Undergrad: 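My questions all concern the structure below.
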Amino acid sequence: MRVLDAVPTGSAADRYLRWAGLLVGAVAGRAVGHAVDDGEAGVLYAIPVFGLCAVAGVLAADVLTARPHGPVRTAGLAPRRVRDYVPPRVTLLLVVEAAALVVLLVVAAVLASADDAGRAGSSLTVTCPDGSTVRTGPWPGLFYGLPILASLAVSTAVCMWSLTRIARRPGDEATRRNRALAIVAAWGLLVSAPLLGAASTASGVLLDITCDGTIGRIGNWALWPTALIALVTVPWCLFTVISPKARRHP
C-alpha cells in the first residue's frame, strides 16, 4: 500500500516562486497584449509571455532549492537519463503538440499577407472565384508566430538543460521525478497555450472567409481537434505547475 507523506516535496519558497511566475506572467502578458493590440490579436503575444514567466518561475524554484543533506549513497554504473524521469505519455503528447504548433505557424507564415496597417504576416488574403479579394485577420503569420517560435526555442533549450541537471544531481528518485514533471508541465504551457491560441485564431479567420471552399473546410477539420487537444492539455499543465506532488512511499 502507498502512503502519502505529510511533507510535500516542494518547500514554501518552491510554491511561492511557481505562483509568482504565473502571476507575473499574467500581468506581463496583459501589458504586452495591450501594447501590441487592444483587440484579440494581442492575445497571441500575451500567451508566450505568460508561458515564459511560468517556465522562469518553475526553473527558479528548482535552482534555488537546496540540495539534500545526509549520507552520500553509492550508485550503480548505469548513468541516469532524462527520459527516466519525465512522464513518457505526457511528454510524447507535448512533443507532438509542439510539432503541430511549428507546422501550423510555418504554414500560416507561408499563407500570410500584410494587413491594412502594412504589418506583414498578420492577415490572410484570399481571392474568391468571382475575382473579389477578401482580407481578414488576425492571422498567425510571422508577425504573431515569430515571437511564439522564439519563446518555444528558448524554453526548450533551457528546460532540457534543467532536466539534465535534475537527472545528474544528488537526490531521491521521487524528488527528481516530481521536479522533472513540473518542468515538463511548465514547458507544456508554452506549447499547448500558443497552440490553442494559434489554432483558434486561424480557425476563426477561415470561418470568416466564405469563399475558401474545400481548402477552408479541410483546414478547419484539422484545426478544431488540434485546438480541442490543446484546450485539454492547458489546464493539466497549469494544475501541475501550481500543485507539486506529495512524496509517495510504497
Side-chain angles (χ1 to χ4, degrees), residues 26 29-30 32-52 92-153 155-156 187-238:
R30 181 178 179 83
V32 170
H34 279 293
V36 174
D37 196 316
D38 289 333
E40 298 178 356
V43 176
L44 294 176
Y45 273 84
I47 289 176
V49 171
F50 171 76
L52 283 174
L92 178 59
L93 173 61
L94 292 175
V95 169
V96 172
E97 289 187 14
L101 176 61
V102 172
V103 171
L104 172 58
L105 294 178
V106 169
V107 172
V110 172
L111 299 176
S113 60
D115 60 7
D116 295 333
R119 298 178 298 185
S122 59
S123 66
L124 178 66
T125 301
V126 175
T127 301
C128 298
D130 60 2
S132 61
T133 300
V134 178
R135 176 186 296 168
T136 184
W139 177 256
L142 281 182
F143 184 79
Y144 301 108
L146 192 58
I148 296 176
L149 291 174
S151 63
L152 179 62
S155 65
T156 300
W187 179 74
L189 280 176
L190 259 173
V191 172
S192 55
L195 179 60
L196 174 60
S200 301
T201 302
S203 177
V205 169
L206 292 178
L207 287 174
D208 285 341
I209 300 176
T210 58
C211 62
D212 51 3
T214 304
I215 295 179
R217 289 193 294 272
I218 293 175
N220 274 318
W221 289 342
L223 291 171
W224 290 340
T226 301
L228 179 60
I229 293 173
L231 180 62
V232 174
T233 309
V234 169
W236 178 89
C237 293
L238 186 61

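Keep in mind that this is a model prediction, so the values were computed, not measured. Numbering starts at 1 and runs along the sequence shown.
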Undergrad: Side chain of T156, backbone of L152: donor and acceptor closer than 3.5 Å?
TA: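 It does hold such a pair.
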Undergrad: List in chain and number order the residues that pass side chain to side chain donor-acceptor pair (under 3.5 Å) with W139, two or more places apart in sequence or in another chain; answer none if no residue qualifies.
TA: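 W139: no side chain to side chain donor-acceptor pair (under 3.5 Å) contacts found.
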Undergrad: If you look at every heavy atom in L105 and A198, which pair is closest and at what distance?
TA: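 Heavy atoms only, the tightest pair is CD2-CB, 4.2 Å.
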Undergrad: Side chain to side chain contact (heavy atoms under 4.5 Å, CB included) with V107: which of L111, L104, V110?
TA: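 Only one option passes, and that is L111.
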Undergrad: Do you know the tightest heavy-atom contact between C237 and L94?
TA: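 So the two residues come closest at SG-CD2, 4.3 Å.
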Undergrad: Taking side chain to side chain contact (heavy atoms under 4.5 Å, CB included) as the definition, give me every residue that meets it alongside V106, ordered by chain and number, with sequence neighbours left out.
TA: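 Here the qualifying residues are V102.
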Undergrad: Please name all residues satisfying side chain to side chain contact (heavy atoms under 4.5 Å, CB included) with L238, sequence neighbours left out, ordered by chain then number.
TA: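 For L238 the side chain to side chain contact (heavy atoms under 4.5 Å, CB included) partners, ignoring immediate neighbours, are L22, F50, L189.
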Undergrad: To the nearest 0.5 Å, how far apart are OG in S200 and CG in L195?
TA: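 Between S200 OG and L195 CG, I get 8.5 Å after rounding to 0.5 Å.
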Undergrad: Do any side-chain atoms of residues 225-235 form donor-acceptor pairs under 3.5 angstrom with protein atoms, and if so which ones, sequence neighbours left out?
TA:
| from | atom 1 | to | atom 2 | distance (Å) |
| --- | --- | --- | --- | --- |
| T226 | OG1 | A222 | O | 2.7 |
| T233 | OG1 | E97 | OE2 | 2.7 |
| T233 | OG1 | I229 | O | 2.8 |

Undergrad: Checking S151 now: which residues fulfil side chain to side chain contact (heavy atoms under 4.5 Å, CB included) with it, not counting sequence neighbours?
TA: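 Partners of S151 by the side chain to side chain contact (heavy atoms under 4.5 Å, CB included) criterion, ordered by chain and then number, come out as P48, L52, L190.
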Undergrad: Please name the pair of heavy atoms, one in L223 and one in S203, separated by the smallest distance, quoted to 0.1 Å.
TA: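 For L223 versus S203, the nearest heavy atoms are CD1-N, 3.6 Å.
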Undergrad: As an exercise, state the distance from OH of Y144 to OG of S123, rounded to the nearest 0.5 Å.
TA: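 One gets 8.5 Å once the value is rounded to the nearest 0.5 Å.
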Undergrad: So, using side chain to side chain contact (heavy atoms under 4.5 Å, CB included) as the criterion, who are the partners of P194 when residues are at least two apart?
TA: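 Result, side chain to side chain contact (heavy atoms under 4.5 Å, CB included) vs P194: I47, L101, I148.
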